[in-house]
Amino acid sequence: MEENFPIVHFLGLDFNLSNLVMITVTCVIVLLIAILCTRNLKRRPTGKQNFIEWVMDFVRGIIGSNMDWKTGGRFHVLGITLIMYIFVANMLGVVTSVAVHDEVWWRSPTADPIVTLTLAIMILALTHYYGVKMRGFKHYFMGTYLSPMKFLFPLKVVEEFANTLTLGLRLYGNIFAGEVLLSIIATQLAHINIFTGVLAIIPALLWQGFSVFIGAIQAYIFTMLTMVYMSHKVSDEH
């Protein structure tokens, strides 16, 4: 299924305005959630504060399953930001997709491989940065590329590229496939009679519910793998 997007050319580069808009919308929503859930904090949490504290404890568990808290505690905010950002981004295209003059403006930004691969590259770059910062270049290089045996160095380099690709493309593939199927269902509903359309709404709603589940799982997997890769770079035992 071919889709057209609003593209602008600037300084020899092509910019997808749909991606820019949806990335901005995602950031604003995550920021608003964070502000609303952390206003008027109480010693005994209720309502919105319960939610944000549950997210914090959930991410703390992800980090704790990969590295000790003394090492991994500094990545707590990173994990919270990632899981909330990716979940919100995944949800934006579940309910609807908006096209203006045959150009798609509203969809999940994570349904674009450029967005997910860019996010993956940023995460892997962060793991290398913290690996060098926390362990020193010598220990980082030997522990990452020359352990347990030096002749594995070429495979270790290939692994870094493979990790980047799989981290980004896994997220993209799952979200894109879900949006494609939702678009197909919506298109078919528009070309059938009212009676059949009412019956077809049921599987459409079921698939939307399943897409919400997949979006949540993918946010969890991306955050989990981020902490796994981070632990491999910053922990001496790895």
Side-chain angles (χ1 to χ4, degrees), residues 6 15-67 69-98 104-112 114-127 129-130 133 167-168 171-172 174-175 178-179 208-209 211-230:
F15 294 89
N16 186 332
L17 293 183
S18 173
N19 284 345
L20 296 178
V21 169
M22 298 314 300
I23 289 171
T24 303
V25 169
T26 304
C27 292
V28 170
I29 292 175
V30 172
L31 179 62
L32 289 176
I33 291 174
I35 293 174
L36 291 174
C37 291
T38 54
R39 292 180 64 185
N40 303 318
L41 295 177
K42 302 176 182 178
R43 185 178 297 275
R44 181 174 295 178
T46 58
K48 299 185 292 293
Q49 187 179 337
N50 265 331
F51 166 74
I52 198 66
E53 290 198 10
W54 174 81
V55 173
M56 294 174 67
D57 288 340
F58 185 75
V59 174
R60 181 189 291 267
I62 294 176
I63 296 173
S65 65
N66 290 286
M67 61 189 111
W69 185 249
K70 182 178 179 181
T71 302
R74 71 191 66 201
F75 308 119
H76 195 200
V77 175
L78 172 63
I80 294 171
T81 304
L82 271 180
I83 200 167
M84 291 182 64
Y85 177 86
I86 294 174
F87 177 75
V88 171
N90 292 348
M91 294 301 103
L92 291 181
V94 169
V95 178
T96 184
S97 176
V98 177
V104 178
W105 280 86
W106 184 282
R107 67 166 187 167
S108 296
T110 44
D112 190 310
I114 295 176
V115 174
T116 58
L117 285 173
T118 300
L119 192 57
I121 291 171
M122 290 172 59
I123 291 302
L124 269 296
L126 269 180
T127 65
Y129 168 77
Y130 278 105
K133 180 180 179 180
L167 187 63
L171 176 60
Y172 156 70
N174 281 276
I175 305 306
E179 290 200 359
Q208 280 189 320
S211 295
V212 171
F213 172 74
I214 293 298
I217 290 296
Q218 290 305 312
Y220 165 74
I221 291 175
F222 195 100
T223 307
M224 171 64 81
L225 290 177
T226 295
M227 296 307 161
V228 169
Y229 297 152
M230 190 69 76

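Heavy-atom basis, side chains included; hydrogens, waters and symmetry copies ignored. Quick caveat: nothing in here was measured; it's all calculated off a predicted structure.
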query = Do the side chains of Met91 and Ile175 get nearer than 4.5 Å, heavy atoms only?
reply = no
query = With a 4.5 Å heavy-atom cut-off, do Asn174 and Ile217 have their side chains touching?
reply = no
ask   = Does the side chain of Met227 reach to within under 4.5 Å of the side chain of Ser65, using non-hydrogen atoms?
value = no
Heavy-atom side-chain proximity of Thr118 to Val115 below 4.5 angstrom = no
ask   = Is any side-chain heavy atom of Val59 less than 4.5 Å from a side-chain heavy atom of Met84?
value = no
inquiry  = A side-chain contact here means heavy atoms from C-beta on lying under 4.5 Å apart; do Ile80 and Val55 qualify?
reply    = yes
request  = Keeping to residues at least two apart or across chains, list the ring pair (Phe, Tyr, Trp, His ring centres under 6.0 Å) pairs with something in residues 21-53.
outcome  = none
Thr223 OG1 to Tyr85 OH distance, which is reported to the nearest 0.5 Å = 13.0 Å
ask   = Do Leu167 and Tyr229 touch side chain to side chain, with heavy atoms closer than 4.5 Å?
value = yes
task = Kindly give the heavy-atom pair with the smallest separation between His76 and Met56, and that separation in Å.
result = NE2-O, 2.9 Å
key: Set of side-chain contact (heavy atoms from CB on, under 4.5 Å) partners for Tyr172, sequence neighbours left out   = Pro113, Thr116, Leu169, Phe176
message = Rounded at 0.5 Å granularity, tell me how far CD1 in Ile23 sits from OG in Ser18.
response = 9.0 Å
Side-chain donor/acceptor of Gln218 to backbone N/O of Asn90, under 3.5 Å = no
request  = Taking the side chain as every heavy atom from C-beta outward, state whether Leu119 and Ile86 have any pair of such atoms under 4.5 Å apart.
outcome  = yes
query = Residues two or more places apart in sequence or in another chain: which of them pass side-chain contact (heavy atoms from CB on, under 4.5 Å) with Val25?
reply = Val21, Ile29, Leu92, Trp106
